[in-house]
Asker: 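Below is the structure I would like to discuss, written out as structure tokens.
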Amino acid sequence: MYIYRNVPFEVVWRFGWKNILLFLVYGAAVCGVHYYFFNVHGFEMHIPFALIGPIGVAVAIYASFKNGQSYDRTWEARKNWGALAVATRIFANQLMMYVNGDASADIKICIDRQIAYLNALKLQLRKRSPHSRTFSKSIRKYYFGEPTQIEWNNEVASRMIPREYDEIQQTSNKALQILYLQNRHLLQLKKEGKIDEFKMMDMMENLDNCFENQGKNERLKSTPFPRQYAFFSKSFIAIFILILPFGILDLYTNSFKNYSLLGYTIICSLYTLVSWLYITIELVGDNSEDPFENFITDIPMNAICRNVEIDLYEMIKAPNIPEKIKDHNGILM
């Protein structure tokens, strides 16, 4: 997630330079063809702007609707992760308050396992899916790749009992299995008389909240943004951009009645600016559709998991508490 108030020129340029170059070339080509036909055949190759203007308004409304739905997906993912963080903190607090006797080892195991759960869910969500978007070379700098086995070892295996980690290796949903291990451990604590049945049910309710919010995140991951909205938004913007220079030529004709190199330069510049504005609206929505791709626009799951880890380890007075994850040039992952 990009967290600085102002987006630097370097980021804007990386996302937009290809489109700007394309618009300049296309605008110059249209102006060149118009100059040829106007001087050789006396034919003014333009379309009344009164026809193009309403198209631009309709396209902007449609693109705004799509962007609103894209942002809703990102915001829902952030709310789900906030709920996971809250449920985890409450679960840890219940472990501290509810478990009787000398159960510090059990408390530490459960807290480590819960942190492993959050990290396992994070890594699962960052796996690429069939509908994951592709990244061009210019913006690949802001894509941080799929999870590696090293990450699984450092962030999940290191916090679990080796026997339990081996137990979940052959399963397709490792995060879900870790929650099952938590429930199984609570049942064992009840059998040992360290918690009563009502306290166990209260703690399991928080784990149920984890199940629920994990399911919500998995729904966002497995369900692509409705392609009919995304496809036609991009198509309508492309159509508008293709016909826009002919409308600007019409405005210029009605205003100045003559053509010069300066006039064509103004036409091409205006066309490039307006086209860049429209395509940027489309790109903002497009990059907000999938909030778990480990991209610059995604949910900062690393930071969320680390903040929860710090809170839980401070709660049990653990040594060697890790530091918070800081942004790198405004990018917080």
Side-chain angles (χ1 to χ4, degrees), residues 2 7 11-34 37-38 43-77 131-136 138-139 220 223-257 259 263-291 293 295 297:
Y2 192 82
V7 181
V11 175
V12 176
W13 180 250
R14 278 185 175 273
F15 278 86
W17 73 269
K18 286 185 178 180
N19 290 316
I20 292 173
L21 180 61
L22 178 63
F23 299 148
L24 284 171
V25 171
Y26 179 69
V30 171
C31 288
V33 173
H34 178 273
F37 277 100
F38 179 71
F43 174 67
E44 295 191 25
M45 189 180 62
H46 57 78
I47 300 174
F49 193 81
L51 298 177
I52 296 179
I55 296 175
V57 173
V59 169
I61 293 173
Y62 190 93
S64 298
F65 166 77
K66 180 214 169 184
N67 277 19
Q69 300 305 308
S70 297
Y71 177 77
D72 283 347
R73 288 170 63 90
T74 297
W75 183 237
E76 182 184 355
H131 57 267
S132 293
R133 62 183 180 273
T134 56
F135 303 98
S136 63
S138 58
I139 62 173
L220 287 171
T223 307
F225 187 85
R227 300 326 301 165
Q228 62 272 28
Y229 291 112
F231 173 79
F232 283 110
S233 175
K234 189 173 296 183
S235 299
F236 293 159
I237 288 177
I239 292 171
F240 174 71
I241 287 174
L242 287 174
I243 63 176
L244 178 61
F246 303 101
I248 297 178
L249 280 168
D250 177 67
L251 287 176
Y252 187 86
T253 300
N254 294 334
S255 300
F256 298 101
K257 307 295 182 183
Y259 297 95
Y264 282 124
T265 302
I266 294 173
I267 291 170
C268 189
S269 300
L270 285 174
Y271 163 70
T272 300
L273 175 62
V274 175
S275 298
W276 177 77
L277 292 175
Y278 271 82
I279 202 65
T280 299
I281 293 173
E282 169 63 23
L283 288 174
V284 168
D286 192 49
N287 288 312
S288 301
E289 292 175 7
D290 303 313
E293 295 295 306
F295 192 55
T297 56

Asker: Strictly distance-based, threshold 3.5 Å: is any side-chain N or O of Y278 a donor or acceptor partner for the main-chain N or O of V59?
Answerer: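 Checking the backbone N and O of V59 against the side chain of Y278, no donor-acceptor pair under 3.5 Å is found.
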Asker: Does the side chain to side chain contact (heavy atoms under 4.5 Å, CB included) test come out yes or no for L242 and Y26, once each step is laid out?
Answerer: CA-CA 8 Å; L242 287 174; Y26 179 69; 3.9 Å; yes
Asker: Quick check: do L283 and N19 have side-chain heavy atoms less than 4.5 Å from each other?
Answerer: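 Yes; the side chains approach each other to less than 4.5 Å.
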Asker: I need the full list of salt bridge (charged side-chain N to carboxylate O under 4.0 Å, His left out) pairs touching residues 265-283, with sequence neighbours left out, sorted by first then second residue.
Answerer: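 Of all non-adjacent pairs touching residues 265-283, those that pass salt bridge (charged side-chain N to carboxylate O under 4.0 Å, His left out) are K66-E282.
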Asker: Distance from I237 atom CD1 to L277 atom CG, nearest 0.5 Å?
Answerer: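 It is 11.0 Å, given to the nearest 0.5 Å.
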Asker: Taking atom OG1 of T74 and atom CD of Q69, what is their separation to the nearest 0.5 Å?
Answerer: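 Reported to 0.5 Å precision, the distance equals 12.0 Å.
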Asker: Test side chain to side chain contact (heavy atoms under 4.5 Å, CB included) on Y271 and L24 and set out the steps.
Answerer: CA-CA 8 Å; Y271 163 70; L24 284 171; over 6 Å; no
Asker: Determine the minimum heavy-atom distance between W276 and G16, stating which atoms define it.
Answerer: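 Scanning both residues completely, I find the closest heavy atoms to be NE1-CA, 4.3 Å.
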Asker: Between F15 and N287, what is the shortest heavy-atom contact and its length?
Answerer: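 Scanning both residues, the minimum pair turns out to be CE2-ND2, 3.7 Å.
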Asker: So, taking the atom named OG in S288 and the one named CZ in F295, what distance separates them when rounded to the nearest 0.5 Å?
Answerer: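 Here the interatomic distance stands at 10.0 Å.
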Asker: Rounded to the nearest 0.5 Å, what separation is found between the CD1 atom of I267 and the CG atom of L249?
Answerer: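 Reported to 0.5 Å precision, the distance equals 4.5 Å.
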Asker: About how many Å separate OG of S235 and OH of Y62, when rounded to the nearest 0.5 Å?
Answerer: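 It comes to 9.0 Å.
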Asker: Checking I55 against F236 for the side chain to side chain contact (heavy atoms under 4.5 Å, CB included) test, could you report, in this order, the C-alpha distance in whole Å, the side-chain angles of both residues, the deciding distance, and whether it holds?
Answerer: CA-CA 9 Å; I55 296 175; F236 293 159; over 6 Å; no
Asker: For residues C268 and G27, report the shortest heavy-atom separation together with the two atoms involved.
Answerer: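 Answer, listing the atom of C268 first, then G27: SG-C, 3.8 Å.
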Asker: Please check this pair: side chain of S70 against backbone of G285, looking for a donor-acceptor N/O pair closer than 3.5 Å.
Answerer: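 Side chain of S70 to backbone of G285, a donor-acceptor pair under 3.5 Å: yes, one is there.
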Asker: Sequence neighbours excluded, which residues qualify as side chain to side chain contact (heavy atoms under 4.5 Å, CB included) partners of I281?
Answerer: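 Checked I281 against side chain to side chain contact (heavy atoms under 4.5 Å, CB included); matches are A63, N67.
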Asker: Would F240 and I52 count as a side chain to side chain contact (heavy atoms under 4.5 Å, CB included) if you check the C-alpha gap in whole Å, the side-chain angles of each, and the deciding distance to 0.1 Å?
Answerer: CA-CA 8 Å; F240 174 71; I52 296 179; 3.7 Å; yes
Asker: Taking all heavy atoms of L220 and all of R73, pick out the closest pair and write down the distance.
Answerer: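 The pair with the smallest heavy-atom distance is O-NH2, 3.1 Å.
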Asker: So how far is it from T272 OG1 to I248 CD1, rounded to the nearest 0.5 Å?
Answerer: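 It is 8.5 Å, given to the nearest 0.5 Å.
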